[in-house]
Amino acid sequence: MTMKVEKIDYIWAAVSMVIVGVSFRRGELINGLLMIYVLMALLFAYHIYVVRRRLKSSIAAVCTVTDYYVSPTGKKLFAPIVKYETETGREVTSIYTVSSRKKSYEIGEEATICYSPEDPMFFYFLGKEHELTKDYSMFIFIGGIIAVTLFIIDHS
């Protein structure tokens with residue numbers, strides 16, 4: 001299995017290393033880690049904003065679940081593969097970006113999805129919009145608790 005590494009991943013890794021190195025050298029490692037958290041929280045908040053903006057222009061369609069993608073990791077995670085037709089008549093087969101430990105739909109089952117007219121491969125199941133951003137929101141929330149705790153400990 002190969003992992004696709006984007007340019008932003010390299011940039012993020014370099015920035016994080018610089019922040020850790022500089023903050024460690026100055027004896028302020030906790031402040032450096034807090035800075036990394038703040039930057040990640042801002043990046044995740046931006047991602048949530050982009051996804052929600054994309055959702056506003058989505059178009060409903062009926063799809064058929066054709067199969068499941070099974071994650072090759074040690075955990076068995078399933079992501080439904082669906083087939084649907086766009087309003088322009090284009091037939092699309094796409095894998096849901098969110099996976100889970102159980103199969104939520106039967107193969108052959110029809111469901112309502114909403115897709116992006118700019119990128120028809122991007123879709124979500126109607127009523128499950130929160131699945132697209134929940135991990136980012138959890139990171140911001142839990143990371144915020146940890147960051148505030150570290151800040152209080154470091155400044156007391």
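For the single chain, residues carry numbers from 1 onward in sequence order. From a predicted model like this one, the values you see are computed outputs, not experimental measurements.
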Any side-chain heavy atom of [X] sitting closer than 4.5 Å to one from [Y]?
X	Y	result
Arg101	Leu77	yes
Ser137	Ile48	yes
Val65	Lys103	no
Val148	Ile152	yes
Tyr69	Tyr96	no
Leu39	Leu43	no

Distance, nearest 0.5 Å, that separates [atom1] of [X] from [atom2] of [Y]:
X	Y	atom1	atom2	result
Ile107	Thr66	CD1	OG1	7.5 Å
Cys114	Lys128	SG	NZ	13.0 Å
Tyr84	Thr64	OH	OG1	12.0 Å
Ile146	Leu33	CD1	CG	11.5 Å
Ile19	Met17	CD1	CE	11.5 Å

What pair of heavy atoms forms the shortest contact from [X] to [Y], and how long is it?
X	Y	value
Glu109	Glu106	OE1-N, 2.8 Å
Pro117	Ser58	CD-CA, 4.2 Å
Glu85	Ala61	O-CB, 4.0 Å
Ile113	Cys63	CG2-SG, 3.6 Å

May I have the step-by-step check of side chain to side chain contact (heavy atoms under 4.5 Å, CB included) for Thr112 and Phe125, ending in yes or no?
CA-CA 6 Å; Thr112 302; Phe125 288 94; over 6 Å; no

Under the salt bridge (Lys or Arg N to Asp or Glu O under 4.0 Å) test, which residues partner Arg52, sequence neighbours left out?
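Scan of Arg52 (salt bridge (Lys or Arg N to Asp or Glu O under 4.0 Å), adjacent residues dropped) gives none.
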
Mind checking whether [X] and [Y] sit in one hydrophobic cluster, side chains of I, L, V, M, F, W, Y counted as touching below 4.5 Å?
X	Y	result
Leu34	Ile36	no
Phe122	Ile81	no
Val18	Val15	no
Val20	Ile30	no
Val51	Leu42	no

Arg54/Asp119 under side chain to side chain contact (heavy atoms under 4.5 Å, CB included): CA gap, chis, key distance, verdict:
CA-CA 10 Å; Arg54 213 172 179 187; Asp119 179 13; 3.0 Å; yes

Parallel, tilted or perpendicular: which fits the ring planes of [X] and [Y], with parallel below 30° and perpendicular above 60°?
X	Y	result
Tyr46	Tyr49	tilted
His47	Tyr136	tilted
Phe139	Tyr37	tilted

In terms of heavy-atom contacts, does CD of Glu118 have more than 12 from other residues, nucleotides or ligands at under 6.0 Å?
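Buried by this count: over 12 neighbours within 6.0 Å.
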
Could you tell me whether the side chains of Ser94 and Tyr115 share a donor-acceptor contact shorter than 3.5 Å?
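Note: Ser94 and Tyr115 side chains miss the donor-acceptor criterion.
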
Tyr68 side chain to Tyr105 backbone, donor-acceptor under 3.5 Å
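Here the side-chain-to-backbone pair exists.
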
Give the C-alpha distance, both sets of side-chain angles, the deciding distance and a yes or no for side chain to side chain contact (heavy atoms under 4.5 Å, CB included) between Thr86 and Ile59.
CA-CA 8 Å; Thr86 67; Ile59 299 171; over 6 Å; no

Under the side chain to side chain donor-acceptor pair (under 3.5 Å) test, residues paired with Ser23 that sit two or more places apart:
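With neighbours one apart ignored, the set is empty.
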
